[in-house]
Amino acid sequence: MKDKTTLIVESGDYDKLYSAFIIANGSLAMGMDVSMYFTFWGLNRLKKGKLDKGPLSKMNFLGLGKIFMKWKMKKANVRSLEKMLDDFIQLGGKIFACDMTMDILGIKKEDLREEVITDFCAVGTYVKEARESEITLYI
Amino acid sequence: MSKEIKVNCMGENCPVPLVETRKAINEAKVGDILIITGDHAASKKEIPMAVEAMDLELISVKDIDDYWEIKIGV
């Protein structure tokens, strides 16, 4: 069995998306398989043009905190979320979209970036993947 | 024929040196040697961890001035 990391991305916050993608890409880089499940506010970030549009989870201050954070990250030469998503796909990571969230939040397939989504699914797929994973995290 | 592949990660932050190393491993052929350079301190420890996890050969880890150089045999 190959080592696998499974992440649930429930948060749509900017900083938490970073946590998710850094762990995901680090896992891929260290030879693991990775599945990311986007649900609730996380799924909003897979809408076209919305990946880096989330607020900071703390000290957002109506967006001013985020501007400051983006400036600090640029100074530290941190890769953009968009580039991290590119890396994730290039290294063979899989993205799953929660179909119940789509019903609740009224998100249509065509609103989402279908080119990066492996499949639309429910909890059963998550459990199947998670039970064969060494690492599972809820973000 | 095996060849040397250079991966420049100077100035890159977490997790880029790991990710770029992995991309280079994927593209390399058996027998190739990767030479990764960078100055992100944690990556100097973590790239060897990834090499071990993927059963590749860690040829050397060197400090040169204010950066490091890691050689991996694929």
Side-chain angles (χ1 to χ4, degrees), chain A residues 1-7 9 14-36 51-52 56 68-95 116 132-137 139, chain B residues 4-61 63-74:
Chain A
M1 187 175 78
K2 203 171 172 188
D3 294 339
K4 192 190 282 190
T5 296
T6 305
L7 302 169
V9 185
Y14 182 72
D15 45 319
K16 295 194 178 180
L17 260 276
Y18 260 105
S19 298
F21 273 105
I22 289 169
I23 295 165
N25 289 359
S27 297
L28 289 167
M30 295 187 81
M32 300 176 81
D33 286 339
V34 179
S35 294
M36 296 177 93
L51 189 66
D52 65 350
L56 280 188
F68 178 72
M69 181 67 78
K70 283 185 100 162
W71 175 69
K72 293 289 278 183
M73 287 172 116
K74 196 168 180 176
K75 269 180 56 171
N77 200 25
V78 175
R79 202 163 253 193
S80 70
L81 282 175
E82 199 56 53
K83 186 76 182 72
M84 290 213 184
L85 173 61
D86 274 357
D87 290 341
F88 180 75
I89 299 297
Q90 197 181 330
L91 291 179
K94 288 183 191 161
I95 288 180
V116 300
E132 56 195 35
S133 298
E134 299 273 330
I135 300 172
T136 63
L137 294 171
I139 295 174
Chain B
E4 289 192 341
I5 300 162
K6 293 202 161 76
V7 183
N8 180 4
C9 295
M10 295 297 290
E12 298 289 359
N13 212 328
C14 174
V16 176
L18 267 179
V19 166
E20 293 305 321
T21 299
R22 176 68 167 144
K23 285 185 194 169
I25 289 168
N26 285 353
E27 282 165 25
K29 294 193 175 65
V30 175
D32 287 349
I33 290 172
L34 302 184
I35 303 171
I36 304 130
T37 49
D39 50 9
H40 178 241
S43 294
K44 186 183 132 189
K45 288 180 290 179
E46 293 179 2
I47 289 172
M49 290 178 199
V51 168
E52 194 190 341
M54 288 184 281
D55 266 337
L56 300 171
E57 184 196 355
L58 183 66
I59 298 170
S60 64
V61 180
D63 284 310
I64 304 167
D65 299 329
D66 53 352
Y67 68 97
W68 45 256
E69 180 196 85
I70 297 174
K71 280 192 190 179
I72 301 170
V74 179

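This one's a predicted model, so the numbers in the text were calculated from it and none came from an experiment. Chain letters run A, B, ... following the sequence lines, proteins first and then strands; every chain starts at 1.
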Engineer: Would you say B/Glu12 and A/Asn77 make side-chain contact, with heavy atoms under 4.5 Å?
Structural biologist: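 They are in side-chain contact.
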Engineer: Heavy-atom cut-off 4.5 Å, strictly under: side chain, backbone, both or neither for B/Glu52 against chain A?
Structural biologist: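 Nothing of B/Glu52, per the 4.5 Å heavy-atom cut-off to chain A.
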Engineer: Nearest heavy-atom pair of A/Ala29 and B/Ala50: which atoms, and what distance?
Structural biologist: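 That closest heavy-atom pairing would be O-CB, 4.1 Å.
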Engineer: Can you confirm whether B/Lys6 is buried at NZ, in the sense that more than 12 heavy atoms of other residues, nucleotides or ligands lie under 6.0 Å from that atom?
Structural biologist: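 No, NZ of B/Lys6 has 12 or fewer neighbouring heavy atoms, counting only those of other groups under 6.0 Å.
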Engineer: Heavy-atom pairs under 4.5 Å with chain B: which of A/Val78, A/Leu91, A/Asn25 has the most?
Structural biologist: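 It is A/Leu91.
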Engineer: After noting the C-alpha distance and the side-chain angles of B/Arg22 and A/Asp87, does the key distance pass the salt bridge (charged side-chain N to carboxylate O under 4.0 Å, His left out) rule?
Structural biologist: CA-CA 10 Å; B/Arg22 176 68 167 144; A/Asp87 290 341; over 6 Å; no
Engineer: Using a cut-off of 6.0 Å, state whether more than 12 heavy atoms not belonging to A/Met73 lie near its atom CE.
Structural biologist: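 Correct, the count exceeds 12.
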Engineer: So which heavy atom on B/Glu46 is nearest to which on A/Met30, and how close?
Structural biologist: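 Closest approach of B/Glu46 to A/Met30: O-CE, 4.1 Å.
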Engineer: In Å, rounded to the nearest 0.5 Å, how long is the span from CD1 of A/Ile22 to CG of B/Leu18?
Structural biologist: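 A/Ile22 atom CD1 to B/Leu18 atom CG measures 11.5 Å (nearest 0.5 Å).
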